[in-house]
Amino acid sequence: MQLQAPKGTRDILPSQTQTWQWVESVARSVFSTYGYQEIRTPIFENTDLFVRGVGDTTDIVEKEMYTFNDKANRSVTLRPEGTAPVVRAVIQNRLLEGASVLKLYYNGRMYRYERPQAGRYREHWQVGVEVFGAAEAAVDAEVIALAHKFYSRLGFKDLTLHLNTIGDRACRPKFVSDLKAFTKARLNQFCQECQGRYERNPLRLFDCKIGCREILSEGPKLLEYLCDSCREHFDAVKRYLKLLGIEFTENPNLVRGMDYYSRTTFEFTAGGLGAQDAIGGGGRYDYLVEELGNKPTPGIGFGLGVDRIILALEAQKFEISPQPPIDVYIAVLGDEAMPIAFQLAEKFRDSQIRTDLEYNGRSLKAQMKTAHKFGVKYVVIIGEDEIKNGAATVRDMESGNQRAVEFDGLGKALKISSQ
RNA sequence: GUGGAUGUAGCUCAGUCGGUAGAGCACUUGACUGUGGAUCAAGUGGUCGUGGGUUCAAAUCCCAUCAUCCACCCCA
């Protein structure tokens with residue numbers, strides 16, 4: 001027990017990688033049907049990108065980043081989220097020039113220094129999309145529909161979509177200042193945590209789980225402060241979602257953890273997950289590109305947590321039937337059989353037959369057991385008799401039937417039989 | 001960062017009032033001279049998380065520490 005992966009990290013073992021590959025392939029397939037192309041960005045960035053992009057008063061930046069100095073004393077940070085790096089790459093590589101709308105997706109690991117818990121890791125995987133250059137409500141609805149389609153392709157049953165709007169530059173400042181004033185007048189009624197939130201980021205007050213929200217229910221409501229264009233945008237998003245038959249719950253408390261959001265925010269939660277039940281979320285960020293130094297460009301996107309998606313699928317009793325790792329197992333009896341088996345295995349592999357063989361000279365019974373455990377269709381037995389006759393014994397593991405096949409014709413025979 | 005629970009074989013776990021370790025599964029061999037899914041038997045495998053302390057004697061009691069899990073917080 002001395003060797004151990006770092007706290008909050010884990011290995012994804014061969015028994016699980018089939019599920020992971022399947023989830024990733026569904027993501028690729030669904031995203032590409034909406035016209036998205038993949039982008040891969042570095043796993044670390046200059047720290048400044050996240051401080052400016054995500055926001056210097058957010059929890060992510062204040063206490064959850066893996067930040068360190070490299071040998072030239074540059075401050076770099078393992079990416080805690082996917083949006084800021086993609087925006088950086090888009091600006092740096094001028095991907096917006098000559099494009100009306102740009103649709104990108106990514107799949108990668110994120111890092112946050114948090115206390116590990118059920119469904120919460122210090123290294124976790126997200127697949128996500130980002131759209132640039134489209135401010136219309138239809139795009140908000142399409143992005144949400146995309147996430148929704150991904151989940152339903154995976155077979156999700158117990159799924160809730162939470163939807164909110166947090167206004168824009170025109171209407172949010174007034175709301176925030178009124179919220180601050182309201183809170184200040186009752187500050188001693190709020191919990192310790194919320195008294196800090198009041199100072200740093202009042203919108204986060206809506207996230208309190210202890211009960212401070214009850215006090216706020218008497219206070220200003222964001223929905224009542226929305227400017228006309230924000231209200232119309234939000235209504236349009238809802239209309240489009242209804243058009244597609246996608247159910248949602250309006251959740252005025254949905255304030256997300258990055259400062260870059262504006263207008264639409266959303267989050268998907270799944271049943272059976274315990275306290276960490278958000279399996280994906282995102283929103284619109286119409287000011288982020290500008291704040292990072294480019295000409296103003298609207299944007300919207302989401303990140304979906306692959307680890308939690310797989311946990312939730314397991315909790316919902318979903319299972320993919322495991323595929324055998326190989327097609328053929330060669331049973332080897334005696335030292336003289338080894339060179340023949342060794343060559344045959346190479347021939348099979350050249351014919352795209354997935355093949356493994358016995359290396360340890362165990363009993364035939366043990367070899368058959370191994371072949372059975374792998375779930376192979378055929379076992380090819382090479383022993384004294386087979387060498388003498390120049391023909392291997394081929395056992396069909398489903399029927400139990402055996403026949404002799406000359407060494408030369410083996411590859412072809414197996415190829416045909418296994419199709 | 002704050003709480004609670006738990007660390008014994010590859011896996012899941014048992015271990016009484018302190019007397020220096022067990023089961024099931026898995027693995028190997030055999031019953032069956034070269035045949036899987038069944039049965040039976042034997043065998044391999046453990047610094048009892050780590051370091052101290054108490055004791056004639058510690059997996060067991062005490063302290064510390066590390067790790068894991070769960071919750072708070074936050075989020076995917």
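A, B, ... follow the sequence lines: proteins, then strands. Residue 1 opens every chain. Please read all numbers here as calculations on a predicted model, not as lab measurements.
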So does A:Arg109 get a side-chain nitrogen or oxygen closer than 4.0 Å to the phosphate oxygens (OP1/OP2) of B:A76?
-> no

Using atom NZ of A:Lys7 as one end and atom P of B:U65 as the other, report the distance to the nearest whole Å.
-> 14 Å

Between A:Lys365 and B:G30, is there a side-chain N or O to OP1/OP2 distance below 4.0 Å?
-> no

Considering only the C1' atoms, how many Å lie between B:A57 and B:C17, rounded to the nearest integer?
-> 15 Å

Checking all strands, does A:Ala366 fall into the base, sugar-phosphate, or nothing category for heavy-atom contacts under 4.0 angstrom?
-> sugar-phosphate

Using a 4.0 Å heavy-atom cut-off across all strands, classify A:Ile381 as base, sugar-phosphate, or nothing.
-> base

Contact class for A:Gly400 vs. all strands (heavy atom < 4.0 Å): base, sugar-phosphate, or nothing?
-> base

Looking for any heavy atom pair under 4.0 Å, which part of the strands does A:Glu386 touch: base, sugar-phosphate only, or nothing?
-> base

So what does A:Ile279 touch, heavy atoms closer than 4.0 Å: a base, only the sugar-phosphate, or nothing?
-> sugar-phosphate

Base, sugar-phosphate, or nothing for A:Glu81, non-hydrogen atoms under 4.0 angstrom?
-> nothing

How far does the P atom of B:C75 sit from the matching atom of B:U50, given to the nearest Å?
-> 39 Å

Taking the six-membered ring for Trp, are A:Phe190 and A:Tyr198 ring centroids under 6.0 Å apart?
-> no

For B:G45 and B:U65, measure between their P atoms and round to the nearest Å.
-> 36 Å

Evaluate the criterion ring-ring contact (aromatic ring centres under 6.0 Å, His included) for residue pair A:Phe268 and A:Tyr151; output intermediate values, then yes/no.
-> CA-CA 10 Å; A:Phe268 288 89; A:Tyr151 290 129; 5.0 Å; yes

Is the A:Tyr36 to A:Tyr105 ring centre distance short of 6.0 Å?
-> no

Verify the distance criterion only: is there a donor paired with an acceptor across the side chains of A:His162 and A:Thr269 at less than 3.5 Å?
-> yes

Carboxylate-amine/guanidinium contact A:Arg109 A:Glu123, below 4.0 Å | yes

Expressed in angstrom and rounded to an integer, what is the separation of A:Glu358 atom CD from B:G36 atom C1'?
-> 14 Å

A:His372 ring over B:G37 six-membered base ring, under 5.5 Å and 30° | no

Expressed in whole Å, how much space separates the P atoms belonging to B:U28 and B:A38?
-> 14 Å

Within this structure, what is the CD-to-P distance between A:Gln367 and B:U28, rounded to whole angstrom?
-> 10 Å

Within the structure shown, what part of the strands sits under 4.0 Å from A:Gly119 by heavy-atom distance: base, sugar-phosphate, or nothing?
-> base

Can you tell me if A:Glu64 and A:Tyr111 form a side-chain donor-acceptor pair at under 3.5 Å?
-> no

If only side-chain N and O atoms of A:Arg395 are considered, is one of them under 4.0 Å from the OP1 or OP2 phosphate oxygen of B:U35?
-> no

Say you pick atom C1' in B:A59 and the same atom in B:U8; how far apart are they, in whole Å?
-> 7 Å

Cationic N near anionic O, under 4.0 Å, A:Arg284 to A:Asp140 = yes

Looking across every strand, which nucleic acid part, if any, lies under 4.0 Å from A:Glu64 by heavy atom: base, sugar-phosphate, or nothing?
-> sugar-phosphate

Starting from C1' on B:G37, measure out to NZ on A:Lys369 and report it in whole angstrom.
-> 10 Å

Distance only, no hydrogens: is a donor on one side chain within 3.5 Å (strictly under) of an acceptor on the other, for A:Arg362 and A:Gln367?
-> no

Using a distance-only test with no angle check, is there a side-chain donor-acceptor pair under 3.5 angstrom linking A:Glu358 and A:Tyr329?
-> yes

A:Tyr121 OH to B:U68 C1': how many Å, rounded?
-> 12 Å

Rounded to whole angstroms, how far apart are CZ on A:Arg362 and P on B:G30?
-> 12 Å

To the nearest Å, give me how far apart CE (A:Met65) and P (B:A76) are.
-> 15 Å

Euclidean distance for C1', B:A71 against B:C27 (whole angstrom) = 39 Å

Of the nucleotides B:U35, B:A67, B:U29, which one has an atom closest to the side chain of A:Gln4?
-> B:A67

If each of A:Thr9 and A:Asp396 is mapped to the nucleotide of RNA chain B with the nearest heavy atom, which maps nearer the 5' terminus, i.e. the 5' end?
-> A:Asp396

Remember a base hit wins even if backbone is also touched, and classify A:Asp385 as base, sugar-phosphate or nothing at under 4.0 Å, heavy atoms.
-> base

Consecutive Watson-Crick or G-U pairs in runs of at least 3, all under 3.5 Å, in which RNA chain B is involved = B:1-7 with B:66-72, B:10-13 with B:22-25, B:27-31 with B:39-43, B:49-53 with B:61-65

Name the nucleic acid region contacted by A:Arg115, choosing base, sugar-phosphate or nothing; use a 4.0 angstrom heavy-atom cut-off, strictly under.
-> base

In whole angstroms, how far is the P atom of B:C70 from the CG atom of A:Asp277?
-> 14 Å

Under 4.0 angstrom between A:Gln117 side-chain N/O and B:A71 OP1 or OP2 | yes

Nearest nucleotide by nearest heavy atom, which residue falls closer to the 5' end of RNA chain B, A:Gly361 or A:Gln276?
-> A:Gly361

Gap in Å between the two C1' atoms, one belonging to B:U55 and one to B:G19, rounded | 12 Å

Fit a plane to each ring of A:Phe31 and A:Phe150, take the angle between them on a 0 to 90° scale, and name the class: parallel (under 30°), tilted (30 to 60°) or perpendicular (over 60°).
-> tilted

What interatomic distance, in whole Å, is found between P of B:G22 and the corresponding atom of B:U47?
-> 15 Å

